[in-house]
Amino acid sequence: MIKIVKAGVDDLQKIHDMAQVVFRHTYREILSPEQMEYMMDWMYSMPNLEKQLEEGHNYYLAYDGEQTCGYVSVQYEGADGNGVEVFHLHKIYVMPDSQGKHVGMSLFDRVIAHVKDQVGDMPARIELNVNKFNKSVEFYRHIGMRVLLEEDFPIGNGFYKTDYIMGLDL
């Protein structure tokens, strides 16, 4: 049975360590080695993980027994022009040996619960950026997300994220 637990500053090393495996596994055929290292530092260095918590990222860890097997990060972005409360799903990753065991869906369900806890009955939307060549695009479509925008986003050092922004209205 998968258990989802809110992460704190003491859990950042677990997230960092999992990212060393799962992020590299996910993007090994999509990103150059140089962009991989740049993004690993940008998103997963310990100082940057700490900064993310300070900026309002809410991390949750997935456990299968005592073993951490995935993580997710969601952050409130604010209301859009129509008064819809927007939350950005920054990261959702499942360790390779735990994929196909409903861990990703358990993490996503926790994000939905987090958003509903924050907004109650108000209209809300979960948005995420996903590399358009990432096979997880099909997972997101399967759970009801739709492509809102397609764009190349500069991230520094001459690198770009070639992403879809996908959304799910709650």
Side-chain angles (χ1 to χ4, degrees), residues 2-64 66-75 77 87-111 114 126-143 145 147 149-168:
I2 303 303
K3 181 171 104 176
I4 308 297
V5 177
K6 187 162 175 67
V9 70
D10 293 341
D11 297 304
L12 294 179
Q13 188 66 51
K14 290 178 190 174
I15 294 165
H16 172 81
D17 293 347
M18 279 191 287
Q20 296 301 317
V21 175
V22 71
F23 189 85
R24 292 175 191 284
H25 176 81
T26 301
Y27 292 102
R28 68 192 182 280
E29 296 174 0
I30 299 173
L31 301 177
S32 70
E34 296 81 13
Q35 184 166 352
M36 177 79 73
E37 293 312 311
Y38 178 80
M39 291 181 75
M40 287 298 299
D41 181 61
W42 176 49
M43 295 190 307
Y44 292 110
S45 70
M46 290 303 290
N48 284 337
L49 286 170
E50 290 168 4
K51 182 179 176 190
Q52 290 166 25
L53 278 184
E54 292 168 10
E55 292 173 344
H57 289 230
N58 294 274
Y59 273 95
Y60 293 91
L61 296 173
Y63 286 87
D64 186 358
E66 297 296 314
Q67 184 68 37
T68 50
C69 58
Y71 58 93
V72 67
S73 167
V74 62
Q75 180 183 29
E77 294 287 324
F87 290 77
H88 197 86
L89 177 59
H90 288 283
K91 301 168 180 64
I92 181 169
Y93 289 97
V94 175
M95 295 297 283
D97 60 350
S98 294
Q99 292 176 4
K101 298 179 181 178
H102 305 289
V103 176
M105 196 67 233
S106 296
L107 286 165
F108 195 77
D109 286 345
R110 185 62 192 99
V111 169
H114 174 89
I126 298 169
E127 294 182 356
L128 67 85
N129 289 53
V130 60
N131 183 295
K132 62 185 177 184
F133 303 109
N134 188 326
K135 65 182 180 181
S136 66
V137 169
E138 291 310 310
F139 167 77
Y140 297 125
R141 284 191 170 121
H142 174 75
I143 61 175
M145 298 192 88
V147 174
L149 181 68
E150 178 180 339
E151 193 167 334
D152 291 339
F153 298 93
I155 59 171
N157 267 21
F159 297 121
Y160 287 82
K161 287 176 50 183
T162 303
D163 286 356
Y164 292 129
I165 296 179
M166 299 183 79
L168 177 68

How far does [atom1] of [X] sit from [atom2] of [Y], to the nearest 0.5 angstrom?
| X | Y | atom1 | atom2 | value |
| --- | --- | --- | --- | --- |
| Lys101 | Asp64 | NZ | CG | 6.0 Å |
| Asn134 | Thr162 | CG | OG1 | 12.0 Å |
| Glu127 | Met145 | CD | CE | 8.0 Å |
| Tyr71 | Tyr63 | OH | OH | 14.0 Å |
| Arg110 | Lys3 | CZ | NZ | 13.5 Å |
| Leu31 | Met40 | CG | CE | 11.0 Å |

Polar side-chain atom of [X] near backbone of [Y] as donor-acceptor pair, under 3.5 Å:
| X | Y | value |
| --- | --- | --- |
| Tyr38 | Ile155 | yes |
| Ser98 | Val94 | no |
| His16 | Tyr44 | yes |
| Ser136 | Phe139 | no |
| Arg24 | Gln20 | yes |
| Gln52 | Met43 | yes |
| Asn131 | Phe133 | yes |

Given Val21 and Met95, is the side-chain contact (heavy atoms from CB on, under 4.5 Å) satisfied, shown in steps?
-> CA-CA 7 Å; Val21 175; Met95 295 297 283; 3.7 Å; yes
Are [X] and [Y] close enough that some pair of their side-chain heavy atoms sits under 4.5 Å apart?
| X | Y | answer |
| --- | --- | --- |
| Val72 | Phe108 | no |
| Glu50 | Leu12 | yes |
| Met105 | Ile143 | yes |
| Pro96 | Val22 | yes |
| Lys91 | Ile15 | no |

For the residue pair Tyr27 and Phe23, categorise the inter-ring angle as parallel (less than 30°), tilted (30 to 60°) or perpendicular (more than 60°).
->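 Geometry flag for Phe23 against Tyr27: tilted rings.
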Classify the angle between the aromatic ring planes of His88 and His90 as parallel (below 30°), tilted (30 to 60°) or perpendicular (above 60°).
->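 Geometry flag for His90 against His88: tilted rings.
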Apply the side-chain contact (heavy atoms from CB on, under 4.5 Å) test between Val74 and each candidate in Asn58, Ile92, Leu107, Leu128; give the one that qualifies.
->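 So the option named by the test is Asn58.
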Cation-pi geometry met for Lys14 and Tyr59 (6.0 Å, 45°) =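 No, cation not above the ring by the 6.0 Å, 45° rule.
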Using a strict 4.0 Å threshold on nitrogen-to-oxygen distance, state whether Glu138 and Arg141 make a salt bridge.
->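 Result for this pair is yes, salt bridge flagged.
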Looking just at side-chain N and O atoms, do Asp17 and Gln13 make a donor-acceptor pair shorter than 3.5 Å?
->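 Their side chains do contain a donor-acceptor pair, which is all the 3.5 Å distance test asks for.
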Step by step, work out the side-chain contact (heavy atoms from CB on, under 4.5 Å) result for Glu34 and Asn157.
-> CA-CA 10 Å; Glu34 296 81 13; Asn157 267 21; over 6 Å; no
Please indicate whether His25 has more than 12 foreign heavy atoms, meaning atoms of other residues, nucleotides or ligands, lying under 6.0 Å from its NE2.
->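 Above 12, so yes.
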Just wondering, are more than 12 heavy atoms of other shown residues or ligands nearer than 6.0 Å to OH in Tyr160?
->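 Counting other residues, nucleotides and ligands, OH of Tyr160 stays at 12 neighbours or fewer.
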If you look at every heavy atom in Ala62 and Ile4, which pair is closest and at what distance?
->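 Scanning both residues, the minimum pair turns out to be CB-CD1, 3.6 Å.
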